[in-house]
Amino acid sequence: MINAPRGTNDIIPPESSKWNYLESEARSIFDLYNYQEIRTPIFEYTELFQRGIGEVTDIVEKEMYTFKDKSGRSITLRPEGTASVVRSFLENKVYGQAQPTKYYYIGPMFRYERPQAGRYRQFNQLGVEVFGTKDPMVDAEVIALGINYLNNLGLSDLKLYINSIGCPNCRPHYLKKLKGYLQKNKNSLCDNCKQRIDKNPLRILDCKNEVCQLVVNKAPKLIDHLCEECNTHFNSLKMSLENIEIQYIIDPNLVRGLDYYTKTAFEVKYDGLGAQDTIFGGGRYDKLAEEIGERDIPGIGFALGIERLLLTMEKQDVEIPDDKSLDIYITTIGKKAKNVSFKLINQFRKNNIKAEIDYLDRSVGGQMKSADRMNATYTVIIGQDELESNKATVRNMKSGDQQEIQLDEIVESIKKMI
Ligand code: ATP
Ligand code: MG
């Protein structure tokens, strides 16, 4: 017996119908907000992620599935969607069209992490990216889209955290200050963060280690050191959120794990999820297109973990509509009846009537049980008598009422009944 690789999941029925539901709800809200789908490859050249995510990030340092293909090129299974979407936008010269461009994507991502609740090696994200505008109102639109999606699904008690992480104008000054402060408190940091002071001090701000949090709480805050432009942007975002009654909490220690983020950063969390409590996160990345394709194109987006969304729905006991039902189950008695029924079921299906038939030669009782189990609205019973009279018995499974219908009229009659 060969098992699936660690950290991967089979999505089998009835679970898969929940996925279909979440994805179709997502597609309809994306459409409502006028976002269009983009599908990029599941693997890319490794350089894309090294450049687009940044060498000094958890993803690039330790989480990528990287391998050489048969021609010796380094290939990586995508760990996130944004770098690929930006690459595609640049490669296809979509910037030459009217802007902004509003994309969404849904699909699997791959990260070599320690599997645990809400953390897998193959997981699924849905996300959006908007290119070509710096308008802070778009930041609010992106956030609102994500939150409204979750609210429409019936979730509550979600918390939105926002921050601004500045830009290349103001961040360097702040980083100098932060580094100075962290150097002074170096001995109180965890070993990992001691290493980060020079390489990526911002990451220390979101270290989960308690000792580091004590240091971080007293650290200088980026939002107190924003340049005029970033400050105005952050204030406009807050106003836009207030304008559409979306509550937020400012978290000055919220940083994104990725280097290309500028200005707005946000996360939506549900406390009941435990350690992996972020359902979606995102932010503005006005410097990413420059990094990947030497073009100055602003962008903003979010990525939402579908597995974590499902966990949240379970924790909150949110019902997912179950579409498991049949219009018709045909119960047959005898070989001849089965042949007639096979022809009939074909006609039902051609007429968009969802029907099923027995393929295990069950007894009549067994077939009626199957009809029940499959939640059939009607059963059509065809046996020797029915064949002789050219009629079928149609039984309403809820009320138990039965009627006889001519075989050559049955499709039309059932169409009217359902
Ligand atoms: P975390 O802090 O949980 O590691 P992250 O900062 O690495 O999150 P992002 O890169 O922002 O996460 O990805 C966006 C979302 O994708 C997360 O909020 C989460 O819902 C989901 N996600 C990320 N990594 C995983 C994983 N290994 N398994 C399942 N879902 C994940
Ligand atoms: Mg992570």
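Both counts, for ligands and for their atoms, begin at 1 and track the order of listing.
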query: Is the cationic atom of Lys269 (NZ for Lys, CZ for Arg) positioned less than 6.0 Å from the six-membered ring centroid of Tyr161 and within 45 degrees of its normal?
result: yes

message: Counting only heavy atoms, tell me which of Gln125, Lys208, Glu267 gets closest to atom 15 (C) of ligand 1.
response: Gln125

field: Those atoms of ligand 1 less than 4.0 Å from some heavy atom in Ile279
entry: 18 (O), 20 (O)

task: Could you walk me through whether Thr101 and Gln99 pass the side-chain hydrogen bond (donor to acceptor under 3.5 Å, both in side chains) test, one step at a time?
output: CA-CA 5 Å; Thr101 300; Gln99 300 301 318; 2.7 Å; yes

Expected output: side-chain Glu129 to main-chain Gly127 donor-acceptor under 3.5 Å: no

task: Examine the side chains of Ser17 and Glu15 and answer whether a donor and an acceptor come within less than 3.5 Å of each other.
output: no

query: Below 3.5 angstrom, do we get any N/O pair linking Glu307 and ligand 1?
result: no

message: For a quick check under 3.5 Å, do Asn9 and Gln122 share a side-chain donor-acceptor pair by atom type?
response: no

Salt-bridge contact Glu37-Arg27 (side-chain N to carboxylate O under 4.0 Å): yes

- prompt: For ligand 1, which part of Glu80 has a heavy atom less than 4.0 Å away: the side chain, the backbone, both, or neither?
  reply: neither

message: Tell me the nearest of Arg119, Arg111, Arg114, Gln122 to atom 12 (O) of ligand 1, using heavy-atom distances.
response: Arg111

- prompt: Looking at ligand 1, does any of its N/O atoms fall within less than 3.5 Å of an N/O of Gly281?
  reply: no

- prompt: Is Thr278 close to ligand 1, meaning an N/O of one under 3.5 Å from an N/O of the other?
  reply: yes

